[in-house]
Amino acid sequence: MSDLHKNTQPVAAQAPIINRLVVVGLGLIGGSFAKGLRSSGLCREVVGVDLDAPSRVQAVELGVVDRCEADLATACIGADVIQLAVPILAMERLLAELAKLDLGNAVLTDVGSAKGNVVRAAREAFGAMPARFVPGHPIAGSEQSGVEAANAALFRRHKVILTPLDETDAQAVALVEQLWRALGADVEQMQVDHHDQVLAATSHLPHLLAFGLVDSLAKRSENLEIFRYAAGGFRDFTRIAGSDPVMWHDIFLANREAVLHNLDLFRDDLDALRAAVDAGDGHQLLGVFTRARVAREHFSKILARRAYVDAMHSNNLIFLAQPGGNVNGRIRVPGDKSISHRSIMLGSLAEGVTEVEGFLEGEDALATLQAFRDMGVVIEGPDHGRVTIHGVGLHGLQAPPGPIYLGNSGTSMRLLSGLLAAQTFDTTLTGDESLSKRPMNRVAKPLRAMGALIDAAPEGRPPLTVRGGRRLGGMTYEMPMASAQVKSCLLLAGLYAAGSTTVIEPAPTRDHTERMLRGFGYPVTVEGNSATVESGHKLTGTHIEVPADISSAAFFLVAASIAENSELVLEHVGVNPTRTGVIDILKLMGGDITLENEREVGGEPVADIRVRSAKLKGIDIPEDLVPLAIDEFPVLFIAATCAEGRTVLRGAEELRVKESDRIQVMADGLLTLGVEVEPTPDGIIIEGGSMGGGEVYAHGDHRIAMAFSVASLRATAPIKIHDCANVATSFPNFLALAGKVGMRVTEEGKS
Ligand code: S3P
């Protein structure tokens, strides 16, 4: 565990913002709040109140408070903030007592694990909810209890949920928030009811089930024997049954309605599972288990990332790239991202089972996979690149339980929007910060012309809400830009649209959708620069072997070209002619690249690619190669930097709307490394020469992070690359493979 998570650092002292803080109830939570704020210096005096005399003595001895009182009224004289940290069922009595006192302008707040009951009790005691009462709930705890366990760092990096009402004073909320933040907490606001439902579902229900299961097994004497065999599973599932029974008894009574609501929902699901077991319905069981397993991994991954983001106040995973080195060996980079997305989409819409091998287990493709699970498709895996999709047919998708989160993946959002425009249900598609800035009008506009109803944020940005129940009509669409995502989106909508749908592209773009549709037995007509589908056919489950991604291989093609004494073989790479622009451009620059063992696998051409060090020279990149190398430009700019002479790229304005503005972000980084570079509206001019070291920013763009990692091979000093976490979207094992062939790039903090 990193230091960030150890919860041991002292709180840095600051100037006081209030005179007197009173903490009522000096247990673990109240004591920790008092102790942390006392050492923060934000309060001139911290006063404790507790019914238990030894706790009062200890609180002063341990430095938790400045002084302690037995009497509430005495303690509250002159208080600026009063924190109520008594057990949740004692709150009612405490509030009734407080209502009798003159509290002046004091701000009240509390730490109860349920909020509806506290608000009700406050209304009853005071006649109305006091404007200066800010209900709160820190989500933190410890196995220990009592003031002796008070820990000033208990709330560091933990969530605190405040549930102010409409009538709550905004200044009071801001003050309480400031105090929690001073303890290192991550403060959020929620509606009271929402808080109680969320906590009932995520905390209270699991505790009820754990207590209930242990008791249920323990009280049946014939079952006692099983405890002897209770290994990991039982122990893990029931660990929380070791929690404080009195506290939990209080919580269930306090949050009764929300717990009952969630318990009823769960009981229905449990009944459905029982019925499936009873009926021997393996398909149903597999559906529940695979969805659950991946939902858990998916969420923990997202949450782990969130935690990391919170920790650094930005998505700042840092790569440290040491200068120099050679690149040698044989590797296979992970599966093609575009083909992986499409395998899940078409496999889900097919009738029968589709087996996928070589699936890219990166976050983008996994987001697509999760989206289809959310729409009721049973998908097994991924397990070492193997995925089994139990297709539901073109009309078998079900409404997802909520908005579909697609992370960083533009391909998922654009392709899905076409497919969803023709479903019977509404769907909302959301994404991370980068995806939320990307243009979606390029798909929304033509889809609307086909009859779709799509709502977007201003300027056509995500989130997108795609309305169901629309009848789409086919059309002929001339794309204003060369985009495989737009083409694929419209072809997917075309599977459902009346008549035929034709997409005309201004320049060839990747044709994986067309090839794969045919692989599933769906007719597609390709004539020159147009592709046409018509509705009324079906997809039949098939076998798909995903080749290695040429876009990931590109980093190593450039690495071995620019590094001295290098020779590398990249195995089983997809060399679909709509994707090989990077090879053509490198060859034009003088690259030494040969394709070996060329073959066709599942409708896609594949080869092993041998690349050796070469003396590169600058070129004017032919514009017709731009769409065929669209994702490879960040690393091609590194090749240009290592080439002799000037390289000029034009006609590549699409690069400005990728995961980042790749022209500007690369230009900024190259300038930092001392390269002579000039961004232009639709491209870049790079003067080849030497490269120094320095700190560059990937802006959360996976391909920028990897491109600068490759640059280090020819840099004269280390390169520190910020914001690299998204490398996991397309190339999760990049650092391992880079290390294997001789590059020296590590995550900061790891060697
Ligand atoms: C992709 C198409 C390209 C590419 C993206 C994947 C696809 O986007 O940049 O990484 O899988 O269809 P555009 O269609 O926006 O060019």
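In listed order, ligands and their atoms are each counted from 1. All residue numbers in this chain count up from 1 along the given sequence.
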Please report which non-hydrogen protein atom sits nearest to [atom], along with the residue it belongs to and the distance in Å to one decimal place.
| atom | result |
| --- | --- |
| atom 3 (C) of ligand 1 | Lys658 NZ, 3.8 Å |
| atom 10 (O) of ligand 1 | Asp631 OD2, 2.8 Å |
| atom 14 (O) of ligand 1 | Ser483 OG, 2.6 Å |
| atom 11 (O) of ligand 1 | Ser338 OG, 2.7 Å |
| atom 12 (O) of ligand 1 | Arg342 NH2, 2.6 Å |
| atom 2 (C) of ligand 1 | Gln485 CG, 3.5 Å |

Taking all atoms of both residues into account, what is the closest heavy-atom pair of Ala554 and Val582, and its distance?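 Closest approach of Ala554 to Val582, heavy atoms only: CB-CG2, 4.1 Å.
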Salt-bridged, Glu514 to Lys487, with N to O below 4.0 Å? yes
Are any of the side-chain nitrogens in Arg662 or Asp701 under 4.0 Å away from the carboxylate oxygens of its partner?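 Looking at Arg662 and Asp701, the cut-off is met.
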Where on His341 is there a heavy atom closer than 4.0 Å to ligand 1, on the side chain, on the backbone, on both, or on neither? neither
Between His512 and ligand 1, which part of the residue brings a heavy atom under 4.0 Å of the ligand: side chain, backbone, both or neither?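 The answer is neither.
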With respect to Leu415, determine whether any N or O atom, backbone or side chain, lies less than 3.5 Å from an N or O atom of ligand 1. no
Considering the heavy atoms of Arg414, write down every atom of ligand 1 situated less than 4.0 Å from one of them. 15 (O)
Kindly write out the residues that satisfy ring-ring contact (aromatic ring centres under 6.0 Å, His included) with Phe731, not counting sequence neighbours, or none if the list is empty.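 With sequence neighbours excluded, Phe731 shows a ring-ring contact (aromatic ring centres under 6.0 Å, His included) to Phe734, given in chain and number order.
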Would you say that Leu317 contacts Asp723 through its side chain, given a criterion of any heavy-atom pair below 4.5 Å between the two side chains?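 Leu317 does not reach Asp723 side chain to side chain.
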Going by atom type alone, with no hydrogens or angles, which donor-acceptor pairs under 3.5 Å involve a side-chain atom of residues 531-541 and a protein atom two or more places apart or on another chain?
| unit_1 | atom_1 | unit_2 | atom_2 | d |
| --- | --- | --- | --- | --- |
| Thr532 | OG1 | Thr502 | OG1 | 2.8 |
| Ser535 | OG | Ala497 | O | 2.7 |
| Lys538 | NZ | Glu351 | OE1 | 3.4 |

Side chain to side chain contact (heavy atoms under 4.5 Å, CB included), that's the test. Do Asp455 and Arg467 meet it? Break it down for me. CA-CA 8 Å; Asp455 309 325; Arg467 305 279 169 201; 2.6 Å; yes
